[in-house]
Amino acid sequence: MSSTKSEDQALLRQSVAGLGEALAALGRYGADATEVRRSDALGAVVPWADNHHWIDAAAVPVGTAAPPTGEHLPHCLWTSSGPPPGRREEPDVAMPAMALDLTVTGTEADRNEAGAVGTAELGEIGALNDLAYQQQALGPLLAAIPPGAGHGHGIRDHSGRLVSAAVALDVGSDTSVQWVVTHPDHRRRGLSAQLLQVLLAQARERGQRTATLQSSPAGFSLYQRLGFRTVGTLRAYVT
């Protein structure tokens, strides 16, 4: 879809807010974690995951100056503006912020063929992320988030094991797509595409107007095929 600079800026603002709310939920509910909610940063301090850029982290709202390094801030700050004082950039993990207009009518691909996409608990989505990315942090944090705080979607194999999953967090009229993952043994089968088509269709049914996310290099082409476009870049600055 065609857009103006101001429209892209508004969508970037929504994407960053969605990331911040996702991180803040980890701090609000997780054990030995603290929510960061201030005018210049939104996220979580998770001391036992203090080397993890996507867990012990906060997002700096668009148009806001990043805070200086302090004891009540996490290891990583994500920002679309200049470098925060006293931090260094991790250029290899910069993320495109992407957005999709949900007011445009969905395609036939939105249909959940044979009911393959179902619900999934946030804790098991976190555990699948830990397995896929060889970490041991997200599972217990997502498991602590109460039911109803996010919409967990998943695809299971014939044995009932979760093999592809994602979480939709509604932030105002925007749906933030987070923690997208596929089991390493089940990649390149189109599972993430099928899963996200249903996630987006259901967000549209809830009356959401946009969907936003932050892309990894591996997921970028998939998100483009689904109609997402880049509206900015988030860069990581660490202590």
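Heads up: numbering here begins at 1 and tracks the sequence.
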### Message
What verdict does the side chain to side chain contact (heavy atoms under 4.5 Å, CB included) test give for R235 and M95, after you've listed the backbone C-alpha separation in whole Å, the side-chain angles of each residue and the deciding distance to 0.1 Å?
### Response
CA-CA 7 Å; R235 302 187 185 280; M95 301 188 294; over 6 Å; no
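- Using a 4.0 Å cut-off between a side-chain N of Lys or Arg and a carboxylate O of Asp or Glu, R209 and D174 do not qualify as a salt bridge.
- In this structure, the separation between OG on S216 and OH on Y223 is 5.5 Å, given to the nearest 0.5 Å.
- Under the 4.5 Å side-chain criterion, counting only non-hydrogen atoms from C-beta, W179 is in contact with L169.
- E35 places no side-chain N or O within 3.5 Å of a backbone atom of V45 that could act as its donor or acceptor partner.
- No hydrogens or angles considered: nothing links the side chains of T212 and S176 as a donor-acceptor pair under 3.5 Å.
- Linking Ile, Leu, Val, Met, Phe, Trp and Tyr whenever their side-chain heavy atoms come within less than 4.5 Å puts L162 and V167 in one cluster.
- Linking ILVMFWY side-chain heavy atoms closer than 4.5 Å, directly or via other members, places W78 and L42 in two distinct hydrophobic clusters.
- For K5 and E7, the salt-bridge test fails: no basic side-chain N is under 4.0 Å from an acidic carboxylate O.
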Under the criterion side chain to side chain contact (heavy atoms under 4.5 Å, CB included), I'd like the reasoning laid out for R189 against I155: C-alpha separation, chi angles, the key distance, then a yes or no. CA-CA 12 Å; R189 302 183 187 182; I155 295 176; over 6 Å; no
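- A donor atom on one side chain and an acceptor atom on the other are found under 3.5 Å apart for D130 and Q135.
- Residues R161 and V163 meet the side-chain proximity criterion, which asks for heavy atoms closer than 4.5 Å.
- Residues S159 and D157 approach most closely at OG-OD1, 2.7 Å, considering heavy atoms.
- The CG atom of L213 sits 11.0 Å away from the OG1 atom of T175 when rounded to the nearest 0.5 Å.
- Between L23 and A59 the shortest heavy-atom distance is CD1-N, 4.2 Å.
- When all heavy atoms are compared, the tightest approach of A132 to R187 is CB-NH2, 3.6 Å.
- Residues S15 and Q214 form a side-chain contact, since some pair of their non-hydrogen atoms from C-beta on lies under 4.5 Å apart.
- Counting heavy atoms from C-beta on, the side chains of T230 and F220 come closer than 4.5 Å.
- Distance check, rounded to the nearest 0.5 Å: SG of C76 to CG of N51 gives 11.0 Å.
- For the pair R156 and E124, the salt-bridge criterion is met [side-chain N within less than 4.0 Å of a carboxylate O].
- L196 places a side-chain heavy atom less than 4.5 Å from the side chain of V180.
- Residues L12 and S80 meet the side-chain proximity criterion, which asks for heavy atoms closer than 4.5 Å.
- Counting heavy atoms from C-beta outward, R38 and P67 have side chains that approach closer than 4.5 Å.
- Put simply, V60 and L234 are part of two different groups of oily side chains (I, L, V, M, F, W, Y) that touch within less than 4.5 Å, one to the next.
- Minimum interatomic distance between V231 and A99 (heavy atoms only, all atoms of both residues): CG1-CB, 4.1 Å.
- Scanning both residues, T239 and P74, for their nearest heavy atoms gives CG2-O, 4.5 Å.
- Here the side chain of S164 pairs no donor or acceptor atom with the backbone of T182 at under 3.5 angstrom.
- Hydrophobic clustering, with ILVMFWY side chains joined whenever heavy atoms are under 4.5 angstrom apart, keeps L77 apart from V36.
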Determine, stepwise, if the pair L100 / L226 fulfils side chain to side chain contact (heavy atoms under 4.5 Å, CB included).
CA-CA 8 Å; L100 174 69; L226 291 172; 5.7 Å; no
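- Defined by atom type and a distance below 3.5 Å, a donor-acceptor pair is missing between the side-chain atoms of H52 and H75.
- S81 and Y237 get closest at one heavy-atom pair: O-OH, 4.3 Å.
- Hydrophobic cluster membership is shared by L138 and V46, with clusters built from Ile, Leu, Val, Met, Phe, Trp and Tyr side chains linked at under 4.5 angstrom.
- Between R229 atom CZ and D101 atom CG the span is 8.5 Å, to the nearest 0.5 Å.
- The aromatic rings of H183 and H186 stand perpendicular to each other, their planes meeting at an angle above 60°, with 30° marking the opposite boundary.
- Exactly one residue among D170, T103, L200 makes a side chain to side chain contact (heavy atoms under 4.5 Å, CB included) with Q208. That residue is D170.
- Atom CG of residue L199 and atom CZ of residue R204 lie 10.5 Å apart, to the nearest 0.5 angstrom.
- Judged as a side chain to side chain donor-acceptor pair (under 3.5 Å), and not counting sequence neighbours, the contacts of E21 are R37.
- For the residue pair D40 / T64, no side-chain donor-acceptor distance below 3.5 Å is found, with atom types taken as modelled.
- When atom types are taken as modelled, the side chain of W48 and the backbone of A31 share a donor-acceptor pair closer than 3.5 angstrom.
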Could you walk me through whether W54 and V93 pass side chain to side chain contact (heavy atoms under 4.5 Å, CB included), step by step? CA-CA 10 Å; W54 293 273; V93 296; 3.8 Å; yes
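- Heavy-atom contacts from other residues, nucleotides or ligands closer than 6.0 Å to CD of E121 number 12 or fewer.
- In this structure, CD1 in I125 is found 5.5 Å from CG in L122, a value given to the nearest 0.5 Å.
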